[in-house]
Amino acid sequence: MRVEFLGGVRTVTGSATLLEKGSLKWLVDCGMFQGGEELEKRNWKIQPYQAQNLAFLLLTHAHIDHSGLIPRLVKEGFRGKIICTQATLDLCEVMLQDSGRIQEMEAEWQNRKGKRAGRGEAIPLYTAKDAEKSLRCFEPVSYDEIVPLAEGLKVRFRDAGHILGSAIIEIWVEEEGQERKLIFSGDLGNSHQPIVRDPSIVEEGEVLWLESTYGNRLHKSKEETVQELLKIVQEAIAHQAKVVIPAFAVERTQDIIYTLGQFIRRGALPPIPVYIDSPLAISATEIFKKNSDCFDRETQEILAGGDNPLDIPGIMFTRTTEESKAINEDSRPGVIVSASGMCDAGRIKHHLKHHLWREASHIVIIGYQAEGTVGRRIVDGAKTVRLFGEEIAVKAHIHTLGGFSAHADQKGLLDWVSHLRNPRLEIFVNHGEEKISVELSQLIRERFHFKTTVPEWREKRILFSEVEKGIPEREVEEELLPEEPLSVLLNRLDRTYKRLRRKLKREKKKGEDVSHPGWWRQLEEAQQKLEALEKEME
Ligand SMILES: [Zn+2]
Ligand SMILES: [Zn+2]
């Protein structure tokens, strides 16, 4: 069988692998590239994904770096099935539409800027409506159930313990009468994370795709982190101050709700106001409550005891802008959890503007802050940061807590790999910054003597039988692709033409002479060029 590494290699975003067995083609993950213009250009060039020829998309989990190009894939003709867990489907429903809205806003912004610079019209990668349409392709499966998908192809989703609904995917493929097994680790969770279970152990397999986000790092222990958070909130209460926590809407926000709830249930904290100020986080929290069968034992026990682990006394979910603004009028000590997690967008910016300059306030950073973000500047000790065009002094207490990570650290990854028994196992190390993937790859080779590779973007491989027949094992795709798919260009052409017609109509109404000889000539040239192209296509 053949594979092609389409994303999430030598970078953490854009996860996607194309697999082919005879004429049967399918993808594992279809993530969006994020982090800089150069990388994000790839989001527009997904012809190699072969949208129209795919029978399936196997989706490990709902994070946008794994699911974010699904609406685009459907727009380009994907008509297969998207297989994932029910919780992943539920989360995708809100996250993909949210992502569509962001794409629309982004295009709008580009257009405002572009008009001034005289550039052509920008169109969104996909819209909220496209995202909604793509939901029809989803088909949920249960954890641990072997599901036959096609002749000689079956899959099983195992709990990856990363976010709600996240999965490790096992794939069995029949090749010339022999059953072969592939494993996709997806994103592997940190053990002892709140709410979700620990990652499932896998022992058998021949080829493994292994994530390496934190392949070179060790997290602080969970217990230490939880105690640190408790101390911070206690201190804020003692000084009648607020704790502001920028958090990703999915999983991290719910982890914080759970942890604060535990403090209050156990009496370590009095019932204080806790504001969850992010519409996406609120929708995600509802989905968590609906999928309580995915919770770990500890969380199940809280449920069985009659408490809701995601509902704490004093919690306030603020959906509307008015409700959000009213938070500033509450002078009681309390906690505000808001998105985005890297302080670059969303309501968190308002809360930072309100609290960064107050000496008594506490800002608690719990997630990864990418280079260039406001969050990163705060963590790096900036004296002021710019928010809404204003320089805001940083006087509040700034804390960074590492133990809330939703990814296994180096030790976690090595422990998970140690359960694999096949001495001939081959591992593709992916989903990590290049340097980190290479480091983890070497470490695994030294420690377990497995064959490891850090694949290149668009590298193609032949697995199993054909290798034995002497067909070259590795070939890197060289062909250059056009900058944008044809459909984008055609859309743009349509819009330009319509604008032109409207303009001419307006001029005519004003009584202007529209038979300008220069215009006439230019339009005739365009007409001839299009006709020539039409002939060429015949
Ligand atoms: Zn993830
Ligand atoms: Zn990921």
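Read the numbers this way: they start at 1 and go in the same order the structure lists the ligands and their atoms.
Asp90 and Gln86 share a side-chain donor-acceptor pair at under 3.5 Å. Ser99 and Tyr126 share a donor-acceptor pair across their side chains, judged by distance under 3.5 Å alone. Using a 3.5 Å distance cut-off with no hydrogens or angles, the side chains of His219 and His407 do not pair a donor with an acceptor.
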- Task: Could you walk me through whether Lys21 and Trp26 pass side chain to side chain contact (heavy atoms under 4.5 Å, CB included), step by step?
- Result: CA-CA 9 Å; Lys21 173 185 125 62; Trp26 71 99; 4.0 Å; yes

- In sequence, state the C-alpha distance, the side-chain angles, and the governing distance for Arg156 and Glu145, and then conclude on salt bridge (Lys or Arg N to Asp or Glu O under 4.0 Å). CA-CA 6 Å; Arg156 178 164 65 181; Glu145 194 186 306; over 6 Å; no

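Remark: Phe184 pairs with Trp209 by the ring pair (Phe, Tyr, Trp, His ring centres under 6.0 Å) rule, at least two apart or across chains.
Around the Zn ion (ligand 2), the protein atoms of type N, O or S found under 2.8 Å away are Asp65 OD2, His66 NE2, Asp187 OD2, His431 NE2, listed by chain and number.
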